[in-house]
Student: 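The structure's right below; bear with me while I get my questions together.
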Amino acid sequence: MRRRSLLIAVPAGLVTLAACGDDDDSGSSSNASDSASPEASATSAPPPPKIVDGPLPAITAGTKFDEKPTVAKGSGEPSKDLAVKTVVAGGGRAVAENDYVSANYLGQVWQSAKVFDNSYDRKTPLVIQLAQGSIIDGWRYALAGKKTGSRVQFSVPPTWGYGEQGNEQAGIKGSDTLVFVVDVQDTFNATSSAKGKEVPQDDAALPKVGTNTDGKAPSIEVPKADAPKKLAAEYVLEGDGAEVGAQDSVLVQYKGVLWDGGKEFDSTYGRKELTSFSLQQVVKGWAQGLTGKKVGSRVLIVIPPDLGYGDSPPEGSGIEKDSTLVFSVDILAKM
């Protein structure tokens, strides 16, 4: 059985992206609360589509990478297959199935050119996993193999979109073919690491964290001394991304050990999968320790019992009552 993160009260990612068709979207990210982000509907997956070159409507304005595009109305009948075109070829890392991608995008209906959603106006890229059940299949197949820095345009028939039920909230009918323009900014998977600048670890009273950026778990060396009584949150690698807010959700790699003895009790590296969560759903020490820190950073967090699990640690976690917890956290993206 796959081990779930000890830090959160709900499965990772649930609070960020609710499946389309959910009546209760109170847990969705505010960035997508009034839009039709390309999350998957709760239906069985169709067979893989045939991928063709077109037809695709012209992009008439905003033609550069990461500019908000204007897309013409579709001409004639759209393809029954998945039409995909790389408009701008990037030179970065290739996107793979089950990766998380960070992307700006615009979506509209082929027949009417009605824009039903775009991230450019929100000034916040979408961060979502290209996994079955997390996103509509058209995105999964169109973006697989594309490189970061690319602009990809594609049309999605209902079979690989929202299906026969459509998306009533967005005004998408079950017969609508959708047109997307997606600017792929970054991609993340289980081998991703923070890439910030090394910060001296001069405080002998705090643990020392490894600075490797090869996707492997960093070392954590706990000093043979009494644990601090207050929260400590220090950069190990300082990134140059946006600061994390108290209301934000984040995508991270992390490793947790006990102050007493240094035994590891939880790690995304061991599970070989990233974790995403809202800072409002984690232990207080995590929320306070990550608030104000920059995306792209590795952060050491030392959490005293009153900001961790106190006298009620998770059953079977290996964490004793009143334990001080030590974490290395790589902040890969805000969601």
Student: Would you check if the side chain of Arg151 reaches a backbone N or O of Val181 as a donor-acceptor pair within less than 3.5 Å?
Tutor: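 Not a single qualifying donor-acceptor pair exists.
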Student: Could you tell me whether a side-chain N or O of Ser317 sits under 3.5 Å from a main-chain N or O of Ile319, the two making a donor and an acceptor?
Tutor: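 Checked: pair present.
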Student: State, to 0.1 Å, how close Thr177 and Pro158 come at their nearest heavy-atom pair, and which atoms those are.
Tutor: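 Heavy atoms only, the tightest pair is OG1-CD, 4.0 Å.
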Student: Does a sphere of radius 6.0 Å around NZ in Lys85 hold more than 12 heavy atoms from other residues, nucleotides or ligands, not counting ones at 6.0 Å or beyond?
Tutor: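 Open: at most 12 neighbouring heavy atoms sit under 6.0 Å from NZ of Lys85.
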Student: Using every non-hydrogen atom in the two residues, find where Pro218 and Ser328 come nearest and quote the distance to one decimal.
Tutor: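 It is CG-OG, 3.4 Å.
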Student: Sub-3.5 Å donor-acceptor pair from the side chain of Ser150 to the main-chain atoms of Thr148, do we have one?
Tutor: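 No, Ser150 side chain to Thr148 backbone: no donor-acceptor pair under 3.5 Å.
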Student: If I take atom CD from residue Glu234 and atom CD1 from residue Ile301, how far apart are they, to the nearest 0.5 angstrom?
Tutor: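 CD1 of Ile301 is found 10.5 Å from CD of Glu234.
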Student: Honestly curious: do Tyr141 and Val87 fall in one hydrophobic cluster under the side-chain, below-4.5 Å linking rule?
Tutor: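 In one cluster with Tyr141: Val87, no.
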Student: Looking at Asp99 and Arg140, does any basic side-chain N land under 4.0 Å from a carboxylate oxygen?
Tutor: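 Salt bridge absent between Asp99 and Arg140.
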Student: Check step by step if side chain to side chain contact (heavy atoms under 4.5 Å, CB included) holds for Val182 and Asn104.
Tutor: CA-CA 6 Å; Val182 178; Asn104 274 316; over 6 Å; no
Student: Test Leu106 against Phe180 for side chain to side chain contact (heavy atoms under 4.5 Å, CB included), laying out the working first.
Tutor: CA-CA 6 Å; Leu106 178 141; Phe180 289 97; over 6 Å; no
Student: Go through it in stages, so that I can follow the logic: the residues are Lys195 and Asp330, the test is salt bridge (charged side-chain N to carboxylate O under 4.0 Å, His left out), and I'd like the CA-CA distance, side-chain angles, deciding distance and then a yes or no.
Tutor: CA-CA 9 Å; Lys195 301 293 185 182; Asp330 282 17; over 6 Å; no
Student: Are Val184 and Val84 connected, step by step, through hydrophobic side chains (Ile, Leu, Val, Met, Phe, Trp, Tyr) whose heavy atoms are closer than 4.5 Å?
Tutor: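 As far as the 4.5 Å side-chain criterion goes, Val84 and Val184 are connected within one cluster.
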Student: For Glu238, enumerate each residue passing the side chain to side chain donor-acceptor pair (under 3.5 Å) test, keeping only those at least two apart in sequence or located in another chain.
Tutor: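 With neighbours one apart ignored, the set is Lys294.
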Student: With a 3.5 Å distance limit and no angle check, can you tell me whether Glu164 reaches the backbone of Lys173 through a side-chain donor-acceptor pair?
Tutor: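 Between the backbone of Lys173 and the side chain of Glu164 there is no qualifying donor-acceptor contact (under 3.5 Å).
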Student: With distance as the sole test, does Arg93 use its side chain to make a donor-acceptor pair with the main-chain N or O of Phe188 at under 3.5 Å?
Tutor: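 Not confirmed, Arg93 side chain does not pair with Phe188 backbone.
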Student: Under 4.5 Å between side-chain heavy atoms, counting indirect links through other Ile/Leu/Val/Met/Phe/Trp/Tyr residues: same cluster for Val302 and Val283 or not?
Tutor: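 Different clusters: Val302 never reaches Val283 through Ile, Leu, Val, Met, Phe, Trp or Tyr contacts under 4.5 Å.
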Student: Could you walk me through whether Ser276 and Tyr100 pass side chain to side chain contact (heavy atoms under 4.5 Å, CB included), step by step?
Tutor: CA-CA 10 Å; Ser276 60; Tyr100 285 82; 4.1 Å; yes
Student: Using the side chain to side chain contact (heavy atoms under 4.5 Å, CB included) rule, take Val257 and Val222 through it: C-alpha gap first, then chi angles, then the decisive distance, then the call.
Tutor: CA-CA 9 Å; Val257 304; Val222 181; 4.2 Å; yes
Student: Keeping the roles fixed (side chain from Thr86, backbone from Val88), state whether a donor-acceptor pair exists under 3.5 Å.
Tutor: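 Judged by distance alone, no pair lies under 3.5 Å.
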Student: Any Lys/Arg nitrogen of Asp248 or Lys334 sitting under 4.0 Å from an Asp/Glu carboxylate oxygen of the other?
Tutor: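 Salt bridge: yes.
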Student: Under 6.0 Å from the ring centre and within 45 degrees of the ring axis: does the NZ or CZ of Lys293 meet both conditions for the six-membered ring of Tyr235?
Tutor: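 Yes, a cation-pi geometry holds between Lys293 and Tyr235.
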Student: With Met335 as reference, evaluate Leu126, Val127, Thr124, Ile128 under the side chain to side chain contact (heavy atoms under 4.5 Å, CB included) test and give the passing residue.
Tutor: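 With Met335 as partner, side chain to side chain contact (heavy atoms under 4.5 Å, CB included) holds for just one option, Val127.
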Student: Rounded to the nearest 0.5 Å, what's the gap from CG on Asp240 to OG on Ser297? Could you check?
Tutor: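 If we round to the nearest 0.5 Å, Asp240:CG and Ser297:OG are 8.5 Å apart.
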Student: Going by an N to O cut-off under 4.0 Å, is there a salt bridge joining Asp306 and Lys284?
Tutor: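 Answer for the salt bridge query: no.
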Student: Are the aromatic ring centres of Phe277 and Tyr254 under 6.0 angstrom apart?
Tutor: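 Not close enough - the centres of the two rings lie 6.0 Å or further apart.
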Student: Which class fits the ring pair Trp139 and Phe154: parallel under 30°, tilted 30 to 60°, perpendicular over 60°?
Tutor: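 If you compare the ring of Trp139 with that of Phe154, the planes turn out perpendicular.
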Student: With side chain to side chain contact (heavy atoms under 4.5 Å, CB included) as the test, pick out the partner of Leu130 among Thr187, Asn189, Val101.
Tutor: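 The passing option is Val101.
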Student: Distance check, rounded to the nearest 0.5 Å: Thr275 atom OG1 versus Gln253 atom CD?
Tutor: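 Taking OG1 in Thr275 and CD in Gln253, the distance rounds to 8.0 Å.
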Student: Please say yes or no: joined through hydrophobic side-chain contacts below 4.5 Å, possibly via intermediate residues, are Trp259 and Trp286 part of one cluster?
Tutor: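 Each belongs to a different hydrophobic cluster.
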Student: If you measure from NZ on Lys80 to OG1 on Thr159, what distance do you get to the nearest 0.5 Å?
Tutor: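 One finds 8.5 Å between NZ of Lys80 and OG1 of Thr159.
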Student: Do NZ/NE/NH1/NH2 and the carboxylate oxygens of Asp121 and Lys68 come within less than 4.0 Å?
Tutor: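 Here Asp121 pairs with Lys68 in a salt bridge, since their nearest N and O are under 4.0 Å apart.
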